[in-house]
Trainee: 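Have a look at the structure that comes next, please.
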There are 2 protein chains.
Amino acid sequence: MNRKDSAITTEIFPSDMRTSLGRNLTYGMLDVIGRAIVIGEYDNVAFPTEAELARKHGVSRAVTREAVKMLTAKGLLSARPRQGTIVQPQSSWNLFDSDVLHWLLERKFSVELLRHFNQLRVAIEPEAAALAAMQATDAERAAIGAGLSRMVAAEAGADNTLAADIAFHVAVLEGSRNPFYKQFRDMVASALATSIHFTNRIKGRSASIEDHRAVYDAILRRDSDGARCAMRRLIGDVLTLIGEAEATAAP
Amino acid sequence: MNRKDSAITTEIFPSDMRTSLGRNLTYGMLDVIGRAIVIGEYDNVAFPTEAELARKHGVSRAVTREAVKMLTAKGLLSARPRQGTIVQPQSSWNLFDSDVLHWLLERKFSVELLRHFNQLRVAIEPEAAALAAMQATDAERAAIGAGLSRMVAAEAGADNTLAADIAFHVAVLEGSRNPFYKQFRDMVASALATSIHFTNRIKGRSASIEDHRAVYDAILRRDSDGARCAMRRLIGDVLTLIGEAEATAAP
DNA sequence: GTTTACGCAATTATCATATCTATCTGACTT
DNA sequence: AAGTCAGATAGATATGATAATTGCGTAAAC
């Protein structure tokens, strides 16, 4: 079969496909199967065999196996002869993988997921700010300041609000000089992108900029406790809003 | 070529191979290549082509491709036609992948890595303890208590010290009822396994047990601030020791 | 002289097929 | 019961051929 005939090709190329993934059949399969797993399509049904998957999507078994292997590496699947391929429990998924994260967010908007995100952020980012206050280089401090400037510019309509917000928070993570903290880039970006629809209407942007500036100022004067508290307040506020939303929605 | 003839087979089967990985050629290749990348074997040399890798290790190209795809999924590699396969910068590696973590730790003992670990723990675990104090179920609280009991038993020689310590900290993470926190299982286990050699001699185990008990007590009485502080003290102590070690070693 | 267009070659991407190996099931034996 | 063996199934591996992509050098065009 020619590649042009593949079901995957017509299914997702070229419009729907995630840009961060490559543009070949293997990545297409990865995306389609990964999304289906996260959606829960195989929750109470047996996962297809390699041969079935290959036939259903119109690709070779080699391509199928490569996609399955990638999903195995991300913790979504495991495969054994005779038993077949099985979906792993969610607890073993690698939630910090940006593909997995993307599929999860794409699934459906969930306030609970947003709360989980921000419960993590409230642990990570204040500590990152504290580390940045102590150890960030001049260039890294400048990047944080640049992020703040972009937020100010965005308020005047000269920049994108979300992009500026992300730039600020990512710059703080970078300033921590700890590779593990830097890993939260994607997570923070996703959390902000998701929560922007949620918080936009509730609370004015100007107050938020003051909160961000407090973080920046503390980092500049190398006040790690101050930076930690300021960042904690920033995210704590969002968390409070989320809690209220859950309380009113759930009664 | 028969599987029994493969270089991988003699290279790593059956003794050296990580037990968490499967026992087939693909996982063998994954382990060998992943380790080589993390060690830095390809830092200033071009990464081999698929054909070369396959020939060098005596396996087929299909197996090689599957291993490369898994490493791509973990962020260590990227592949494009004509350009070849290239090692990604460390910043895009997925450090929360337990394989990557394992290769990193295996590389060589580094106080800096241990510090990075514990700088993350000091963010995560106190917050997890605070969440557990508020939301953990009775069963989860009991699991934390069981971990503490095992630590006491270990002191009397009736249990393994490291395993008990890990059980306690993992139970706290589970008690947070947040899937993102639960992801740090492997990281905390690795950090504890690594740091046990480091802290054992410096500070008595009994003091540590009292610190752990303080966390447990706070969680039991649903005192989230107390749990956060107690856990923070626990890990902060380790961090201080690491800092002192770096200060005396560096100059 | 600079830019564009084109074609070659290298490398990954894909396919098809055959065979091997691990493991589950169930029957058979002890 | 407990152990052993045979068949069936699904993943694991090998092989060789073809397709698609793209970096790069070269020639043509301006």
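Convention: sequence-line order gives letters A, B, ...; per-chain numbering from 1. Just so you know, these numbers come straight off a predicted model, no measurement behind them.
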Trainee: When you measure from the side-chain N and O atoms of B:K69 to the phosphate of C:dT12, is any distance below 4.0 Å, counting only OP1 and OP2?
Mentor: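 No, no such contact exists.
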Trainee: Does OP1 or OP2 of C:dT11 have a side-chain N or O of B:T85 closer than 4.0 Å?
Mentor: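 So the side chain of B:T85 is outside the cut-off, no N or O lying under 4.0 Å from OP1 or OP2 of C:dT11.
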Trainee: Using the benzene-type ring in the case of Trp, are the ring centres of A:F184 and B:F96 under 6.0 Å apart?
Mentor: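 Ring centres of B:F96 and A:F184 closer than 6.0 Å.
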Trainee: Would you sort out whether A:H102 and A:D186 count as a side chain to side chain donor-acceptor pair (under 3.5 Å), showing the intermediate values?
Mentor: CA-CA 9 Å; A:H102 190 273; A:D186 287 344; over 6 Å; no
Trainee: Find out whether B:H116 and A:Y181 are in side-chain contact, i.e. whether some heavy atom of one side chain is under 4.5 Å from a heavy atom of the other.
Mentor: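 SC-SC contact between B:H116 and A:Y181 ruled out.
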Trainee: Name the residue closer to the 5' end of DNA chain D, choosing between B:A62 and A:P48 according to the nucleotide with the nearest heavy atom.
Mentor: A:P48
Trainee: More 5' along DNA chain C: A:Q83 or A:S60, using each one's nearest nucleotide?
Mentor: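 Its nucleotide being nearer the 5' end, the pick is A:S60.
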Trainee: Pairs under 3.5 angstrom only: tabulate donor-acceptor contacts from the side chains of residues 38-49 of chain A to other protein residues two or more places apart or in another chain.
Mentor:
| from | atom 1 | to | atom 2 | distance (Å) |
| --- | --- | --- | --- | --- |
| A:T49 | OG1 | A:E52 | N | 3.3 |

Trainee: Report all interatomic pairs (protein N or O, nucleotide N or O of nucleotides 4-8 of chain C) with separations under 3.5 Å.
Mentor:
none

Trainee: Rounding to a whole Å, what distance do you find between A:L53:CG and D:dA12:P?
Mentor: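 The answer, rounded to whole Å, is 13 Å.
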Trainee: Rounding to an integer number of Å, can you tell me how far A:H57 NE2 sits from C:dC15 P?
Mentor: 13 Å
Trainee: Listing request: all salt bridge (Lys or Arg N to Asp or Glu O under 4.0 Å) pairs with a residue in residues 86-98 of chain A, at least two apart in sequence or in separate chains.
Mentor: A:K74-A:D97
Trainee: Would you check if B:H169 and B:I144 make a side-chain contact, meaning some heavy-atom pair closer than 4.5 Å?
Mentor: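 When only atoms from C-beta onward are counted, B:I144 and B:H169 do not touch, as no gap falls below 4.5 Å.
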Trainee: Starting the side chain at C-beta, find the nucleotide from D:dT13, D:dA12, C:dT14 nearest to A:L25.
Mentor: C:dT14
Trainee: Could you tell me how far apart B:R80 (CZ) and D:dA19 (P) are, to the nearest whole angstrom?
Mentor: 23 Å
Trainee: For B:R61 and D:dT13, is the shortest distance between a side-chain N/O and OP1 or OP2 below 4.0 Å?
Mentor: no
Trainee: Which whole-number value in Å describes the distance from A:R55 CZ to C:dC15 C1'?
Mentor: 16 Å
Trainee: Is there a side chain to side chain donor-acceptor pair (under 3.5 Å) between B:T64 and B:E50? Walk through the geometry before answering.
Mentor: CA-CA 7 Å; B:T64 306; B:E50 291 176 355; over 6 Å; no
Trainee: For the pair made of OH in A:Y27 and C1' in C:dT12, what is the distance, rounded to whole Å?
Mentor: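 My rounded result for the distance is 11 Å.
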Trainee: Distance check: side-chain N/O of B:R65 vs OP1/OP2 of C:dA13, anything under 4.0 Å?
Mentor: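 Answer is yes, contact under 4.0 Å.
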Trainee: Whole angstrom is fine here: how far is it from CD in A:E52 over to C1' in D:dT9?
Mentor: 12 Å
Trainee: Taking the side chain of B:E50 as heavy atoms from C-beta outward, which of D:dT13, C:dC15, C:dT12 is closest to it?
Mentor: C:dT12
Trainee: How close or far is atom P of C:dC15 from atom CG of A:N24, stated in whole angstroms?
Mentor: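 Rounded to whole Å, this separation is 10 Å.
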Trainee: Where the side chain of A:T49 is concerned, which of C:dT12, D:dG11, D:dA12 is the nearest nucleotide?
Mentor: D:dG11
